[in-house]
Amino acid sequence: MKPMKLIGFIIVFLLNSNNLLSQKTEVNTFILSGTIVGGYVDNGIYLNFTGPGVKIQKGSFDLMIGVLPSLRFKEDNGITKNALVTPSLGIGMTYTYKSIAVQIPFYYTTKTAMADGRWNIGIGLGLKLNQLISNK
């Protein structure tokens, strides 16, 4: 490295390091975080933990639109049957106020030999889990 470039690099580093050292660092630790919801869709029930999405917060209100990794509980009555509990991925909207959550999920049921594939809408109720461990 040429001496002038090295001197320029050191000057830029020193000027920026003063700003870096003056910033206040705050780290929060969560023991529980997220939302757990149970609900009804397509003649069965589901249990999900909200996944990634877009969240809007205003005071005690949250509105999240995103994906919903879920476990679906549904017993089939046909000749061929699926397992009672199956993993599923839905999309939907979750509205929370303080620690109460209301959810409107959409799940897709794939095409079979007997029925076409379709989207199913549901409704759910759950809890927002945010227990902060303070580092102060």
Side-chain angles (χ1 to χ4, degrees):
M1 190 178 241
K2 293 185 179 182
M4 291 304 287
K5 286 185 178 180
L6 181 60
I7 293 171
F9 177 77
I10 292 171
I11 290 172
V12 169
F13 177 78
L14 291 174
L15 290 174
N16 284 329
S17 65
N18 186 26
N19 292 334
L20 294 174
L21 295 175
S22 67
Q23 294 176 357
K24 181 181 172 185
T25 303
E26 185 176 320
V27 176
N28 294 324
T29 305
F30 288 92
I31 189 167
L32 295 172
S33 180
T35 306
I36 182 170
V37 178
Y40 178 81
V41 66
D42 191 30
N43 298 319
I45 60 173
Y46 68 88
L47 176 67
N48 76 42
F49 301 88
T50 55
V54 177
K55 184 188 246 185
I56 299 168
Q57 293 179 317
K58 178 116 170 132
S60 298
F61 300 97
D62 291 349
L63 177 66
M64 188 196 91
I65 298 171
V67 295
L68 308 170
S70 308
L71 290 175
R72 291 178 71 183
F73 300 85
K74 183 178 177 184
E75 186 173 6
D76 291 333
N77 295 324
I79 297 169
T80 59
K81 295 184 178 190
N82 287 322
L84 176 64
V85 180
T86 55
S88 184
L89 182 64
I91 59 170
M93 181 172 46
T94 306
Y95 173 78
T96 59
Y97 175 71
K98 294 186 179 180
S99 63
I100 303 297
V102 177
Q103 188 175 78
I104 300 174
F106 295 88
Y107 292 98
Y108 187 74
T109 305
T110 57
K111 181 182 86 150
T112 64
M114 305 297 274
D116 291 334
R118 65 185 181 134
W119 283 94
N120 300 293
I121 187 171
I123 186 79
L125 188 62
L127 294 173
K128 180 178 177 182
L129 307 171
N130 276 345
Q131 184 167 345
L132 177 68
I133 298 175
S134 179
N135 296 332
K136 296 179 183 180

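This one's a predicted model, so the numbers in the text were calculated from it and none came from an experiment. Only heavy atoms go into these numbers, but all of them, side chains included; no hydrogens, no water, no symmetry mates.
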Looking at side-chain heavy atoms only, is the closest gap between [X] and [Y] below 4.5 Å?
X	Y	answer
Lys128	Asp62	yes
Ile56	Ile65	no
Val37	Leu47	no
Val102	Leu125	yes
Leu127	Thr35	no

Is there a path of hydrophobic side-chain contacts, each under 4.5 Å between heavy atoms of I/L/V/M/F/W/Y residues, joining [Y] to [X]?
X	Y	value
Ile91	Ile123	yes
Phe49	Val85	yes
Tyr46	Ile121	no

Item to check | Charged tip of Arg72 within 45° of Tyr107 ring normal and under 6.0 Å | outcome: yes
Item to check | Partners passing side chain to side chain contact (heavy atoms under 4.5 Å, CB included) against Ile45 (at least two apart in sequence or in another chain) | outcome: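 For Ile45 the side chain to side chain contact (heavy atoms under 4.5 Å, CB included) partners, ignoring immediate neighbours, are Phe73.
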Checklist entry - Of Thr109, Asp42, Leu84, which meets side chain to side chain contact (heavy atoms under 4.5 Å, CB included) against Lys74? => result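 The residue from Thr109, Asp42, Leu84 that satisfies side chain to side chain contact (heavy atoms under 4.5 Å, CB included) with Lys74 turns out to be Asp42.
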Item to check | Separation of Met93 CE from Leu68 CG (nearest 0.5 Å) | outcome: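 If we round to the nearest 0.5 Å, Leu68:CG and Met93:CE are 11.0 Å apart.
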Item to check | Worked check of side-chain contact (heavy atoms from CB on, under 4.5 Å) between Ile36 and Asn48 | outcome: CA-CA 6 Å; Ile36 182 170; Asn48 76 42; over 6 Å; no
Checklist entry - For the residue pair Trp119 and Phe106, is the inter-centroid distance of their aromatic rings smaller than 6.0 Å? => result no
Item to check | Gly51 to Pro69 - nearest heavy-atom pair and separation | outcome: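 For Gly51 and Pro69, the tightest heavy-atom pair comes out as N-CD, 3.7 Å.
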Checklist outcome for this item: In short, side chain to side chain donor-acceptor pair (under 3.5 Å) pairs touching residues 84-95 with sequence neighbours left out are Thr94-Gln103
